[in-house]
Amino acid sequence: VLFRSIAAGAYHSMVLTNNGTVSVWGSDYNVPDYLNNVVAIAAGGYHSMALQNDGTVVVWGDNNAGQRDDIPDDLNNVVSIAAGLGHCMALQNDGTVRVWGWGGHGQLNVPDGLNNVVSIAAGGSHSMALQKDGTVHVWGDNNEGQLNVPDGLNNVVSIAAGDSH
């Protein structure tokens, strides 16, 4: 296999190769020259994210809601990233979730006391987190019921989010 992962945004696609480089085509294809040693990628609506092997996050593309400029100054030790329509998510190695960018539907409002997170996902205008105990938390837009986690859902091992689901 020549690539490690793929991601698709609203108007662009990305691939992470085995040697840690990123290729993008469609809109938002100008990968920063300084980007290297990438271990994960995420494609948002009009922006792209990359996680480098030193735990730092690089964002490029659209910045209409601070996707690039509002990266928290103290963001470090990141182990996972996710991109929504206009927001960015990062999971730090201590199990905390950081979110920035467009928050018009509450997708930046990480629930108080959320900890021990092992996985994150970003929908169009909502955010998701999976805790170590298999509990799922969702916040943000609920226009299609995407916040309505089914009663009795437990022992979850993986999460994913779509535009409105």
Between [atom1] of [X] and [atom2] of [Y], what distance do you get to the nearest 0.5 Å?
| X | Y | atom1 | atom2 | answer |
| --- | --- | --- | --- | --- |
| N116 | D133 | CG | CG | 7.5 Å |
| W60 | N30 | CH2 | CG | 10.5 Å |
| D54 | L51 | CG | CG | 8.0 Å |
| Q107 | H126 | CD | NE2 | 10.0 Å |
| T135 | L130 | OG1 | CG | 8.0 Å |
| I41 | L35 | CD1 | CG | 10.0 Å |

Compare every heavy atom of [Y] with every heavy atom of [X], then report the nearest pair and how far apart it is.
| X | Y | answer |
| --- | --- | --- |
| G106 | W139 | O-CD1, 3.3 Å |
| A83 | M49 | CB-SD, 3.8 Å |
| V31 | V22 | CG2-O, 3.8 Å |
| H12 | S27 | CB-O, 2.7 Å |
| E144 | S164 | CB-O, 3.4 Å |
| A129 | V97 | CB-CG2, 4.5 Å |

When you compare the side chain of [Y] with that of [X], does any pair of heavy atoms fall below 4.5 Å?
| X | Y | result |
| --- | --- | --- |
| T21 | N36 | no |
| M128 | V136 | yes |
| L16 | F3 | no |
| S23 | M14 | no |
| R98 | D74 | yes |
| M89 | I81 | no |
| N64 | Y46 | no |

inquiry  = Hydrogens and angles aside, do H137 and Q131 bring a side-chain donor and acceptor to less than 3.5 Å of each other?
reply    = yes

task = Please assess H47 against N63 for the test side-chain contact (heavy atoms from CB on, under 4.5 Å), listing each intermediate value before the final yes or no.
result = CA-CA 8 Å; H47 66 286; N63 193 42; over 6 Å; no

Applying a strict under-4.5 Å side-chain criterion to I, L, V, M, F, W and Y, I'd like to know whether [X] and [Y] cluster together.
| X | Y | answer |
| --- | --- | --- |
| V99 | L91 | yes |
| V79 | L114 | yes |
| V110 | L108 | yes |
| V39 | V58 | no |

request  = Could you tell me whether a side-chain N or O of Q67 sits under 3.5 Å from a main-chain N or O of V59, the two making a donor and an acceptor?
outcome  = no

task = Answer yes or no: is there an ion pair linking R68 with D62, defined by an N-O contact shorter than 4.0 Å?
result = no

